[in-house]
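The next block holds one structure in the form of structure tokens; read it before the comments.
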Amino acid sequence: MVKITLDGVLSDVEDGIRLRDLAPPDALAAVVNGQPVDLATVIEEYADIHWLTFADEVGREIFWHSTSHLLAHAVKRLFPRAKLGIGPAIDDGFYYDFDVDKPFTDKDLKAIEKEMRRLASRGLPIRRRIFTKGKLEYYYRFWGEDLKLEIIEEIEDAEISVYEQDDFLDVCRGPHLDDTSKIGSFKLLSVAGAYWRGDESRRMLQRIYGISFPTAEELKDYLKRLEQAKASDHRILNRKLDLFDTYEEVGPGLILWKPKGTILRKVITDFWTAEHLKRGYQIVTSPHIARAELWKISGHYDYYKENMYLTSIEDKEYAIKPMNCPAHMMLYRSRKHSYRELPIRYAELGTVYRNERSGVVQGLLRVRGFTIDDAHIFCTPEQAPSEVADVLDLCLFTIDAFGYSDIKVELSLWDPDKGDKYAGTPEKWEHAQEVLEQVLVEKKTPYKRIPGEAAFYGPKIDIKLLDALGRSWQASTIQFDFNLPERFGLFYVGEDGSEHEVRVIHRAVLGSLERFIGGLIEHYKGDFPLWLAPYQVAVLTVTDAAADYGAEVAADLIDSGLRVVTDFSADKIGAKIRKHENQKVPYMIILGTKEAGQGTLTLRRHRKGDLGSFTLAEALRRFKQEIKQRR
RNA sequence: GCCGGAGUAGCUCAGUCGGCUAGAGCAGCUGUUUUGUAAACAGCAGGUCGUGGGUUCGAGUCCCUCCUCCGGCUCCA
């Protein structure tokens with residue numbers, strides 16, 4: 001007999017029993033003494049067992065990984081000459097990379113899916129086996145699987161586990177499902193080129209992406225969610241909202257903001273400016289181009305030249321600015337500073353241009369010209385903790401104002417083993433990292449430490465927003481910069497009368513305004529809260545007889561600071577309502593002869609419908625209240 | 001930059017195997033209608049089929065070049 005703990009309950013089982021014999025029907029695999037294992041595992045000694053189902057992250061990963069093997073199995077049957085790359089589970093499903101002569105077509109995907117279905121329905125047992133490295137090398141060499149050979153060359157162990165189902169075999173750590181029939185429902189979603197090992201200099205493989213679930217219903221739900229996500233794409237919503245546009249003649253990644261988009265930008269930047277002034281920032285403005293010399297001082301000319309647009313003026317080389325930092329450094333350097341003046345906080349909504357590679361530009365999220373809400377804080381090392389705390393506070397306040405309730409915080413640290421790759425002394429790094437981490441702890445902000453992720457110039461905190469559909473968006477960043485003060489020679493005169501290097505904290509709250517607005521459109525699905533909506537109120541008349549009254553009401557609303565659009569056209573009221581519902585205007589004011597006679601107005605809320613009769617004062621009170629609440 | 005897919009009216013789309021003058025809905029314009037909470041009616045106008053080249057008696061349709069967009073890879077000092 002062997003003792004086990006099953007879901008916390010201690011009991012005895014027979015020797016040699018397999019997990020499978022104890023497992024409930026929905027168990028995909030198990031965690032035994034902390035290790036995920038197959039259900040075929042034999043219990044030989046004390047085992048603390050927890051079942052893994054599709055509800056567990058690890059369980060899903062195993063499920064998807066097994067589906068990727070099923071995919072590879074099917075591909076090998078239909079395309080015997082295809083060579084196998086890697087096939088992991090990812091956040092949302094799985095992929096498998098293949099080296100094939102001809103890229104897969106949609107028809108191929110259909111055929112592969114059909115073959116997968118056939119293999120799954122056969123209920124093939126999935127078996128773990130141990131091969132010696134030599135035997136596995138021989139096997140893969142025989143089949144010409146050079147990518148697999150490359151992978152196993154890198155495995156140190158003498159014995160390697162493989163998983164086998166029918167005539168298909170794949171080197172794999174596991175664990176896996178024990179039977180292909182458990183893979184209830186799946187779909188191959190797309191095929192794309194992918195470099196072998198993500199290395200551009202190596203051959204391009206064909207990557208097939210897919211998703212799978214235990215039941216057909218779950219798959220259907222997932223596909224429905226995908227559809228919904230597609231419908232909330234900012235590029236699709238923009239067709240109705242009419243905020244921005246791009247033109248082939250203007251160039252890729254260059255956004256033209258239309259009137260309504262420009263209002264939205266202004267609302268956001270007005271909010272931003274007011275908040276920064278309140279918090280002791282000084283707003284500055286820097287030119288769009290600058291001599292190459294400036295970028296040589298900052299180092300961008302050496303490190304970042306490929307992404308910079310260069311031009312020449314009167315035989316002098318100039319660059320269109322890809323960053324705002326150097327200009328702020330120049331402003332600080334323009335005269336000597338006393339410790340008494342610090343901290344100095346320069347903030348700018350600076351538009352920068354970066355030559356992003358042609359294949360990556362996308363909507364508002366990846367563009368070549370964008371405005372960043374940059375600021376640089378110049379302070380003493382002693383002031384750094386409270387400055388970082390204030391910045392974090394500003395970020396969290398702003399994120400909340402824009403309706404995001406979920407965030408993900410990452411703390412990127414250096415890799416002390418690669419000391420020479422970094423600017424700044426180890427003392428500066430240690431101090432800065434401690435400051436950042438201490439602030440996160442004090443503010444009780446959950447965060448993830450990522451050693452080795454810091455840029456060469458300093459450690460940082462990144463804040464990512466999770467939107468209504470659970471997708472994450474890079475927004476705020478708080479970074480120390482040890483490089484620029486050194487390169488520009490930035491000092492302050494201390495209490496002791498001597499010069500000390502100033503500390504620079506570089507931070508952005510919204511990040512790229514373009515990307516932020518793209519995210520905001522998707523987060524709100526185009527239904528902006530009243531304070532953000534480009535047009536807040538539409539004044540609609542039922543008949544021409546109400547036009548004069550409508551003009552009066554509209555003028556009063558505009559006087560009260562509201563953003564108003566009017567429609568006094570000859571359309572029927574239903575058509576006008578439909579038009580403005582489609583444009584997602586938060587409020588409509590409907591005016592007919594009745595309202596004109598009584599001096600009242602009828603309110604309608606977007607998506608809610610008729611709210612009844614109000615006086616202008618009542619309506620204004622309601623608007624003001626809602627704007628104040630920013631909801 | 002690389003792999004794959006796509007580009008027909010302002011927008012959404014149809015256009016068969018290469019064969020009559022390239023169609024529809026919405027939007028626009030004109031007229032009629034004066035209307036009460038998600039689409040009044042009629043008429044008109046709108047296209048070098050992304051660009052340039054090629055094949056062909058004949059190209060929106062087939063081939064090549066370039067441009068742009070979409071999905072990925074990669075990049076994000």
Side-chain angles (χ1 to χ4, degrees), chain A residues 90 95 97 100 102-106 108-109 189-209 230 233 235-236 238-240 242 245-254 295 298-308 322-323 325 354-363 365-366 421-423 454-458 462 474 477 481 483-484 511-512 515 538 540-547 568-584 588-595 602-613:
Chain A
I90 51 178
Y95 68 77
D97 285 347
V100 280
K102 263 189 276 173
F104 294 117
T105 63
D106 283 351
D108 292 336
L109 286 197
L189 297 171
S190 64
V191 56
Y195 297 107
W196 172 232
R197 310 210 124 179
D199 183 345
E200 237 173 294
S201 65
R202 311 207 52 181
R203 76 186 103 153
M204 182 161 271
L205 309 179
Q206 290 296 310
R207 175 171 298 178
I208 297 179
Y209 285 91
K230 223 186 261 172
D233 186 303
R235 292 164 297 192
I236 306 288
N238 182 54
R239 289 208 277 259
K240 280 184 181 170
D242 202 30
D245 215 342
T246 57
Y247 302 89
E248 200 171 324
E249 295 86 337
V250 176
L254 298 169
W295 310 105
S298 71
H300 292 106
Y301 195 89
D302 298 328
Y303 288 101
Y304 204 64
K305 196 174 173 185
E306 268 179 33
N307 291 301
M308 289 166 63
M323 316 260 172
C325 324
R354 299 179 186 174
N355 185 14
E356 299 287 350
R357 296 165 80 183
S358 59
V360 305
V361 296
Q362 190 238 28
L365 307 184
R366 203 61 191 276
K421 141 182 175 188
Y422 296 102
F456 86 96
Y457 52 79
D462 281 327
Q474 169 71 47
T477 185
D481 193 323
N483 181 50
L484 291 175
S512 148
R515 185 178 53 202
L540 315 178
T541 48
V542 180
T543 70
D544 284 350
F568 303 159
S569 68
D571 284 335
K572 295 186 83 155
I573 190 66
K576 294 186 194 183
I577 286 169
R578 186 185 142 81
K579 185 173 164 188
H580 292 90
E581 284 285 346
N582 275 333
Q583 292 179 12
K584 300 175 186 286
M588 287 172 230
I589 287 180
I590 289 145
L591 304 173
T593 43
K594 196 173 73 194
E595 288 81 3
T602 300
L603 263 190
R604 180 190 167 95
R605 185 71 171 88
H606 171 54
R607 291 159 65 95
K608 284 201 185 120
D610 196 352
L611 300 177
S613 182

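Fair warning: this is a prediction, and the values are worked out from it, not measured in the lab.
Nucleotide rA38(B) forms a pair with no other nucleotide shown, judged by Watson-Crick or G-U wobble geometry with both contacts under 3.5 Å. With both pairing distances under 3.5 Å, rC20(B) is matched to nothing as a Watson-Crick or G-U wobble pair. Remark: rU65(B) base-pairs with no nucleotide; criterion is Watson-Crick or G-U wobble with both hydrogen-bond distances under 3.5 Å. Remark: rC44(B) base-pairs with rG28(B). Criterion, Watson-Crick or G-U wobble with two distances under 3.5 Å. Pairing partner, rA77(B): none, since no Watson-Crick or wobble contact has both distances short of 3.5 Å.
Residue R235(A) places at least one side-chain N or O closer than 4.0 Å to OP1 or OP2 of rG71(B). Residue Y95(A) has no polar side-chain atom (N or O) positioned under 4.0 Å from OP1 or OP2 of rG71(B). The side chain of Q206(A) places no N or O atom within less than 4.0 Å of a non-bridging phosphate oxygen (OP1 or OP2) of rC3(B). Between T543(A) and the phosphate of rU35(B), there is no side-chain N or O to OP1/OP2 separation shorter than 4.0 Å.
RNA chain B is contacted by both E581(A) and D571(A); D571(A) maps to the nucleotide lying nearer its 5′ end (nearest heavy atom per residue). Each of G299(A) and T105(A) lies near RNA chain B, and the nucleotide nearest T105(A) is the one positioned closer to the 5' end.
Put simply, CE on M323(A) and CG on L484(A) are 9.5 Å apart, with the number rounded to the nearest 0.5 Å.
Between the CG atom of D108(A) and the P atom of rC3(B) there is a distance of 18 Å, given to the nearest Å. Distance R366(A) CZ to rG1(B) P: 14 Å, rounded to the nearest Å. Distance, R239(A) CZ to rG25(B) P: 20 Å, rounded to whole Å. A straight line from CG of L365(A) to P of rC70(B) spans 10 Å, rounded to a whole angstrom. Going from atom CG of L205(A) over to atom P of rG72(B) covers 18 Å, rounded to whole Å. Following rounding to the nearest Å, K240(A) (NZ) and rA27(B) (C1') show an atom-to-atom distance of 14 Å. For the pair I577(A) CD1 and rA40(B) P, the interatomic distance rounds to 11 Å; values are reported in whole Å. One interatomic measurement links the two molecules: CE of M588(A) to P of rA39(B), which rounds to 12 Å at whole-angstrom precision.
Look at the P atom in both rG36(B) and rC49(B): the space between them is 46 Å, to the nearest Å. Only the C1' atoms considered, rC57(B) is 37 Å distant from rC44(B), to the nearest whole Å. Of the P atoms belonging to rG28(B) and rA22(B), the separation is 26 Å, rounded to the nearest Å. On the C1' atoms, rC75(B) is 48 Å away from rG58(B), given to the nearest whole Å. Separating the C1' atom of rC20(B) from that of rC66(B) is a span of 33 Å, rounded to the nearest Å. Spacing between rG54(B) and rC69(B) at atom C1', rounded to whole Å, works out to 26 Å. When the P atom is compared between rC26(B) and rA39(B), the two are found 13 Å apart, to the nearest whole Å. A distance of about 15 Å separates the P atoms of rU61(B) and rA9(B), rounded to the whole Å.
Taking the side chain of Q362(A) as heavy atoms from C-beta on, and the options rC70(B), rG7(B), rA39(B), the nearest nucleotide is rC70(B). When each of rU35(B), rA77(B), rG1(B) is scored by its nearest atom to the side-chain atoms of K572(A), the top-ranked nucleotide is rU35(B). Out of rC73(B), rC69(B), rU37(B), the shortest distance to the side chain of T602(A) is found at rU37(B). With rC69(B), rG1(B), rG72(B) as the candidates, the nucleotide lying closest to the side chain of S358(A) is rG1(B). Of the candidate nucleotides rG7(B), rA77(B), rC69(B), rG7(B) has the atom nearest to the side chain of E248(A). Of the candidate nucleotides rA38(B), rU33(B), rU68(B), rA38(B) has the atom nearest to the side chain of R604(A). Of the candidates rU74(B), rU37(B), rG71(B), the closest approach to any side-chain atom of R357(A) belongs to rU74(B). The listed nucleotides are rC3(B), rA77(B), rG36(B); the one nearest the side chain of I590(A) is rG36(B). For M204(A), the listed nucleotide lying nearest its side chain is rC73(B); candidates were rC73(B), rA77(B), rU35(B). Among the nucleotides rU37(B), rC2(B), rA38(B), the one closest to any side-chain atom of R578(A) is rA38(B).
G609(A) comes within contact range of no nucleotide atom at all, as no heavy-atom separation falls under 4.0 Å. Residue contacts shown for N582(A) include a base, since a base heavy atom lies under 4.0 Å away. Residue-level contact check: A575(A) touches the backbone only, with heavy atoms under 4.0 Å from sugar-phosphate atoms and none from bases. In this structure, G458(A) reaches neither bases nor backbone, as no heavy-atom distance under 4.0 Å exists between it and the strands shown.
Electrostatic pairing of D199(A) and R197(A) does not count as a salt bridge here, judged by no charged N lying under 4.0 Å from a carboxylate O. Ion pairing between E581(A) and K608(A) fails under the 4.0 Å rule for side-chain N and carboxylate O.
For E595(A) against rG36(B), a side-chain N or O and a base N or O form a donor-acceptor pair under 3.5 Å. The base of rC73(B) has none of its N or O atoms less than 3.5 Å from a complementary donor or acceptor on the side chain of R197(A). A donor-acceptor contact under 3.5 Å links the side chain of Y195(A) to the base of rG1(B).
For the pair L540(A) and L591(A), the minimum side-chain heavy-atom distance is 4.5 Å or more.
Ring pair F456(A)/Y303(A): centre-to-centre distance below 6.0 Å.
Relative to the six-membered ring of Y195(A), R202(A) misses at least one condition, a distance below 6.0 Å or an angle of at most 45° to the axis.
For the pair R354(A) (side chain) and P322(A) (backbone), a donor-acceptor distance under 3.5 Å is present. Judged by distance alone, the side chain of N238(A) and the main-chain N or O of R235(A) form no donor-acceptor pair under 3.5 Å.
Donor-acceptor pairing under 3.5 Å is recorded for the side chains of K576(A) and T541(A).
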